[in-house]
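Heads up: numbering here begins at 1 and tracks the sequence. Quantities reported herein were computed from a predicted structural model and do not represent experimental measurements. Both backbone and side-chain heavy atoms feed into the values below; hydrogens, waters and symmetry mates do not.
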Amino acid sequence: MCFLVRQAYAWRIHWSWNPLVDLLPCERRLQWQWARESEGPRLAKGSWQPIGGTAAPTAVPDRATAVIRMLDPQVRALPEDNVSLKLFWQRVHGPLGGAQAV
């Protein structure tokens with residue numbers, strides 16, 4: 001998963017190679033969605049389980065999504081890449097190289 005963070009006139013690029021683990025410390029909640037949206041329960045720290053269990057919606061939702069709030073220190077804790085995407089290409093082709101994209 002890639003995170004692009006605006007920085008003045010450039011972008012910082014950070015990678016999460018294991019988002020289920022890397023995003024676990026972040027503030028997370030469920031978002032119930034109907035024709036209009038309704039905020040769902042917060043998720044417990046260190047877990048993907050809703051606090052107090054899953055509250056039953058009053059009507060069957062059309063869909064549900066996870067909302068994750070990352071603060072800058074959490075993003076900065078992830079590996080930062082450069083504009084040539086060196087970390088990305090190492091991950092794709094391995095540390096010994098291989099065919100590089102043009």
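- Checking side-chain atoms of Asp81 against main-chain N and O of Ile13 turns up no donor-acceptor pair under 3.5 Å.
- Hydrophobic cluster membership is shared by Leu87 and Leu4, with clusters built from Ile, Leu, Val, Met, Phe, Trp and Tyr side chains linked at under 4.5 angstrom.
- Val67 is not connected to Phe3 by any chain of hydrophobic side-chain contacts under 4.5 Å among Ile, Leu, Val, Met, Phe, Trp and Tyr, and they are in different clusters.
- Not a single salt bridge (Lys or Arg N to Asp or Glu O under 4.0 Å) links Glu80 to another residue, sequence neighbours left out.
- Evaluation of the salt bridge (charged side-chain N to carboxylate O under 4.0 Å, His left out) test over residues 13-23, restricted to residues two or more places apart or in two chains, returns none.
- Residues satisfying the side-chain contact (heavy atoms from CB on, under 4.5 Å) criterion with Val5, sequence neighbours excluded, are Arg12, His14, Asp72, Val75.
- With sequence neighbours excluded, no residue satisfies salt bridge (Lys or Arg N to Asp or Glu O under 4.0 Å) with Arg6.
- Shortest non-hydrogen contact noted between Val21 and Pro25 is O-CD, 3.6 Å.
- Remark: Asn18 engages no residue in a side chain to side chain donor-acceptor pair (under 3.5 Å) (not counting sequence neighbours).
- To the nearest 0.5 Å, atoms CG (Asp62) and CH2 (Trp32) are separated by 12.0 Å.
- In terms of heavy atoms, Leu71 sits closest to Gln74 at N-OE1, 2.7 Å.
- Side-chain atoms of Arg28 come within 3.5 Å of backbone N or O of Ser47 as a donor-acceptor pair.
- In this structure, CZ in Arg29 is found 10.5 Å from CZ in Arg69, a value given to the nearest 0.5 Å.
- Listed by chain and number, the residues in a ring-ring contact (aromatic ring centres under 6.0 Å, His included) with Trp17 are Trp15 (sequence neighbours excluded).
- Note that CG of Leu30 and CH2 of Trp48 are 10.0 Å apart. Values are rounded to the nearest 0.5 Å.
- Here Leu78 contributes atom CG and Cys2 contributes atom SG; the two are 10.5 Å apart, rounded to the nearest 0.5 Å.
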